Amino acid sequence: MKKRGLLLFAAAVLCILAGLVAYHCSFPLDADLNGLEPAALQWFNRGMSVPYEADQLRLYQPVTVGDRTYVPLELDGQLGHLRLSRGLTGRYHLDQSQHGTGSFRNGVVESDGERMLLFEGRNGDGRIARAVFSPEGGGPYALDIPASPVFLVSVPVEDTVPTEPVSIEEITFYDSQGREITEEFDLSGGGIQ
């Protein structure tokens, strides 16, 4: 009887260890996001007959909201982002991506009780100094925009603001002198979830 009890205990320990190893392996990126670029290429190349090459992908400074991290990117000239989720061990895995034509993306996202407005875009020439969002349910929210080929900025928003993209009619751009320059830009793009 003792032998059987020990075998059951050993089997239970092995099952728990196997589960922990499987969980750890399902979050392949460490807290510093080492290896993100090759993991991103592998992610984007799933099912592709002509895979993307490393020189077609550029990653930029990420923004973290709760247990999710958003990494802005350019993939073959298209604007987009990766969404990473953090597990219990502090490691990350890729769980969503978006990319496409257009120069801007935005969205109100929520994770672990944090609700943030994210705004991603292109501002390589530095003409945009500030973007003001006036979403339904709150605001206005002003974001300083860096002069960067691709940027991702964020601002906390009230709980009354819905978790969805903000309509382009509710976005205003200003230059460094405070002049409105919204009409100078094509606000096409997509959302961030």
Side-chain angles (χ1 to χ4, degrees), residues 9-100 102-124 141 143-157 159 163-165 189-193:
F9 178 74
V13 168
L14 285 175
C15 285
I16 290 170
L17 287 175
L20 290 173
V21 168
Y23 181 82
H24 179 78
C25 291
S26 68
F27 291 86
L29 300 169
D30 65 21
D32 294 330
L33 301 180
N34 292 316
L36 178 57
E37 189 170 333
L41 271 174
Q42 184 178 5
W43 173 271
F44 285 116
N45 285 332
R46 296 169 299 155
M48 297 287 291
S49 58
V50 178
Y52 292 108
E53 300 291 331
D55 64 347
Q56 293 175 288
L57 176 66
R58 292 206 58 199
L59 303 176
Y60 295 90
Q61 188 65 37
V63 169
T64 298
V65 180
D67 67 352
R68 292 184 181 152
T69 295
Y70 295 82
V71 182
L73 61 86
E74 284 180 295
L75 181 63
D76 197 23
Q78 295 183 335
L79 182 68
H81 69 275
L82 293 166
R83 187 178 78 187
L84 309 160
S85 289
R86 186 178 62 239
L88 298 173
T89 61
R91 296 174 64 84
Y92 289 88
H93 72 156
L94 293 159
D95 66 1
Q96 184 196 54
S97 64
Q98 295 176 317
H99 65 93
S103 296
F104 301 101
R105 295 177 173 277
N106 78 75
V108 175
V109 298
E110 184 172 5
S111 178
D112 274 355
E114 285 186 62
R115 187 179 289 242
M116 302 284 276
L117 168 62
L118 299 179
F119 182 49
E120 175 184 28
R122 301 175 192 273
N123 193 29
Y141 300 102
L143 294 153
D144 291 330
I145 308 300
S148 176
V150 173
F151 65 85
L152 178 61
V153 293
S154 64
V155 65
V157 296
D159 290 343
T163 55
E164 60 187 26
I192 298 177
Q193 301 176 6

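For reference, positions follow the sequence shown, starting with 1. The structure presented is a predicted model; accordingly, all values stated were derived computationally and were not measured. No hydrogens, no waters, no symmetry mates; every other heavy atom, side chains included, goes into these values.
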For a side chain to side chain contact (heavy atoms under 4.5 Å, CB included) check, start with the C-alpha distance between Val153 and Val155, then their side-chain angles and the critical distance, and finish with the verdict. CA-CA 7 Å; Val153 293; Val155 65; over 6 Å; no

Between Arg105 and His99 the two heavy atoms that sit nearest each other are NH2-C, 3.2 Å

List the atom of Thr163, the atom of Arg115, and the distance in Å for their closest heavy-atom pair. CG2-NH1, 3.5 Å

Qualifying residues under salt bridge (charged side-chain N to carboxylate O under 4.0 Å, His left out), relative to Asp95, sequence neighbours excluded: Arg83

Return each pair, listed once, that meets side chain to side chain donor-acceptor pair (under 3.5 Å) where at least one residue sits in residues 144-153; pairs must be two or more places apart or across chains. Arg130-Asp144

Partners passing side-chain contact (heavy atoms from CB on, under 4.5 Å) against Gln56 (at least two apart in sequence or in another chain): Tyr52, Glu53, Asp76

State, with a plain yes or no, whether a side-chain heavy atom of Leu94 is found less than 4.5 Å away from one of Phe44. no

Hey, are the side chains of Ile192 and His81 touching, using non-hydrogen atoms and a 4.5 Å cut-off? yes

If you measure from CD on Glu120 to CG on Leu79, what distance do you get to the nearest 0.5 Å? 4.0 Å

Who are the ring-ring contact (aromatic ring centres under 6.0 Å, His included) partners of Phe104, not counting sequence neighbours? Phe119, Phe173

Under 3.5 Å donor-acceptor pairs involving side-chain atoms of residues 66-75, not counting sequence neighbours:
from  : atom 1 : to     : atom 2 : distance (Å)
Asp67 : OD1    : Ser111 : OG     : 2.5
Thr69 : OG1    : Thr64  : OG1    : 2.9
Tyr70 : OH     : Gln193 : O      : 3.2
Glu74 : OE1    : Tyr60  : OH     : 2.6
Glu74 : OE2    : Arg122 : NH1    : 2.6

What's the separation between atom CG in Leu84 and atom CZ in Arg91, rounded to the nearest 0.5 Å? 12.5 Å

So how far is it from Leu143 CG to Ile145 CD1, rounded to the nearest 0.5 Å? 5.5 Å

Going by atom type alone, with no hydrogens or angles, which donor-acceptor pairs under 3.5 Å involve a side-chain atom of residues 33-42 and a protein atom two or more places apart or on another chain?
from  : atom 1 : to    : atom 2 : distance (Å)
Asn34 : ND2    : Asp30 : OD1    : 3.4
Asn34 : ND2    : Asp30 : OD2    : 2.8

Check Val63 against Ser154 and note the closest heavy-atom contact, atom names and distance. CG1-OG, 3.7 Å

